[in-house]
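Worksheet: the structure to be examined is printed underneath.
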2 protein chains.
Amino acid sequence: MPQPDSPDPARASVASPWDGVADRLRASGLRWTPQRRNLVEVLREHEGHVTATDLIARCRELDGTTTPSTVYRTLDVLENLGLVRHGHAADGREEYHVLPEHVHGHLYCVGCGTTWEIRPETGALIVDALAADLGFSVDLTHVTIAGRCEGCQE
Amino acid sequence: MPQPDSPDPARASVASPWDGVADRLRASGLRWTPQRRNLVEVLREHEGHVTATDLIARCRELDGTTTPSTVYRTLDVLENLGLVRHGHAADGREEYHVLPEHVHGHLYCVGCGTTWEIRPETGALIVDALAADLGFSVDLTHVTIAGRCEGCQE
DNA sequence: GTCGCTATTGCAACGCGTTGCGCTACGATC
DNA sequence: GATCGTAGCGCAACGCGTTGCAATAGCGAC
């Protein structure tokens, strides 16, 4: 029965994707712990791109006893629920995309350090090109492509 | 004066790109050390893709005292000479491309673990698409795109 | 051949991410 | 409300990659 089971009607009307997390976890035999509550709280304020390091730092502000391994493990769980996706930035660090509405790849400018989203149409073009090349089915979300943005080319 | 300065005529006829390395280093005020000689020796036998870890392991076989930091630093130097390029594999680890004849990107299959090269024409298509999108000038060599190869899709 | 400058080395320590393990505490059941 | 199986926690240790520093050793100059 996919009816909203949040006990708070005011919040239910907002229909944040985070609202059902606790129940979705429990429905799979998983648990809703203070540490996970904290992480979700942090993710709420970070819709967009965050590095794992940032998330860990923010979680520790809320609860000094939080350990990195817990954060990483919880992020795995949330990724299985489709609430975050992780990828590797150009320097190989982990980067999390919160609540991706649509699948998109990323561009990282080595000049100014900005991360840009690849527009869906352009992404589709890339996916098609690689499919035609080797029959490859690409997972764009996992990738950050390095280069220089318009403003950073001499 | 760009004449071959290798003292060995037999070797000069082979014209391996590695032959001039020692002199190219010295010409820039850099030095030719036993550790660098070993690394070059290892790279010679590895034309293609290698992980930094593999390189370090092979170097230690030749000389047990070699330390990781030395290998990484020497790889940086060789990258400046254009003899290797490094990128990040799908899992974020470092991967080196030895003697890249042409600029090419990489595809990593999460199914079978194989790394594939993106054909130059397809690569150019991707570069063009991103240039048209955001005016982005892409460095394809630095990137590995994850996905599933033809044989690994159900 | 010797000297001296300095690039390079090895070491040690750090940061990021992952993994194995024993203990804790969530939450279903009674 | 009390019990209990187990998911999840913190901890400690590991592997990869990087960096600062003191000691070493290329190599050009004399």
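Residue numbers start from 1 in every chain, and the chains themselves are labelled A, B, ... in the order their sequence lines are given, proteins ahead of strands. Because the structure is a prediction, the values reported are computed rather than measured.
- For the pair B:P68/B:R73, no side-chain contact is recorded, criterion being any heavy-atom separation below 4.5 Å from C-beta on.
- The side chain of A:T70 lies closest to D:dC9, out of D:dC16, C:dG10, D:dC9.
- With salt bridges taken as basic N to acidic carboxylate O contacts below 4.0 Å, one links A:R44 and A:D19.
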Please step through salt bridge (Lys or Arg N to Asp or Glu O under 4.0 Å) for the pair A:R58 and A:E45, ending with a clear verdict. CA-CA 10 Å; A:R58 283 288 300 128; A:E45 48 186 57; 2.7 Å; yes
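- At whole-Å resolution of the value, CZ in B:R93 and P in D:dG17 are 6 Å apart.
- Taking 4.5 Å as the limit, some side-chain heavy atom of A:L107 sits within range of a side-chain heavy atom of A:I118.
- Residue A:T67 is the one, among A:T67 and B:Y96, whose nearest nucleotide of DNA chain D lies closer to the 5' end (criterion: closest heavy atom).
- In this structure, B:R36 places its CZ atom 14 Å from C1' of C:dG10, rounding to the nearest Å.
- A:I145 and B:L125 fall into different hydrophobic clusters, where Ile, Leu, Val, Met, Phe, Trp and Tyr residues are linked whenever their side-chain heavy atoms come under 4.5 Å apart, directly or through other members.
- Nearest to the side chain of A:T65, among D:dG8, C:dC5, D:dG10, sits D:dG10.
- For the segment residues 72-79 of chain B, residues with any heavy atom less than 4.0 angstrom from an atom of DNA chain D are, sorted by number, B:Y72, B:R73.
- For A:E94, whose side chain is taken as the heavy atoms from C-beta onward, the closest listed nucleotide among C:dG10, D:dG8, C:dT18 is C:dT18.
- Look at B:S28 and you won't find any side-chain N or O under 4.0 angstrom from OP1 or OP2 of C:dA7.
- The interatomic distance linking B:D23 (CG) with D:dG26 (C1') rounds to 14 Å, in whole Å.
- Exactly one residue among B:E95, B:E117, B:H49 makes a side chain to side chain donor-acceptor pair (under 3.5 Å) with B:H106. That residue is B:H49.
- Residue side chain A:S69 reaches the base of D:dC11 through a donor-acceptor N/O pair under 3.5 Å, judged by distance alone.
- For A:T33 and D:dA7, the shortest distance from a side-chain N or O to OP1 or OP2 is not below 4.0 Å.
- Between A:L81 atom CG and D:dA7 atom C1' the separation is 15 Å, expressed in whole Å.
- Taking atom CD of residue B:Q35 and atom P of nucleotide D:dT24, one finds them 14 Å apart after rounding to whole Å.
- Rounding to whole angstrom units, CG of residue B:D63 and P of D:dA25 are separated by 12 Å.
- Nearest to the side-chain atoms of B:L30 among the listed nucleotides C:dG17, D:dC9, C:dT8 stands C:dT8.
- Qualifying side chain to side chain contact (heavy atoms under 4.5 Å, CB included) partners for B:H88, counting only residues two or more places apart in sequence or in other chains: B:H86, B:E94, B:H142.
- With rounding to whole Å, B:R31 atom CZ is found 4 Å from C:dA7 atom C1'.
- Atom-to-atom, CZ of A:R60 to P of C:dC16 comes out at 11 Å; the value is rounded to the nearest Å.
- If you find the closest nucleotide of DNA chain C to A:W32 and to A:I56, the one lying nearer the 5' end belongs to A:I56.
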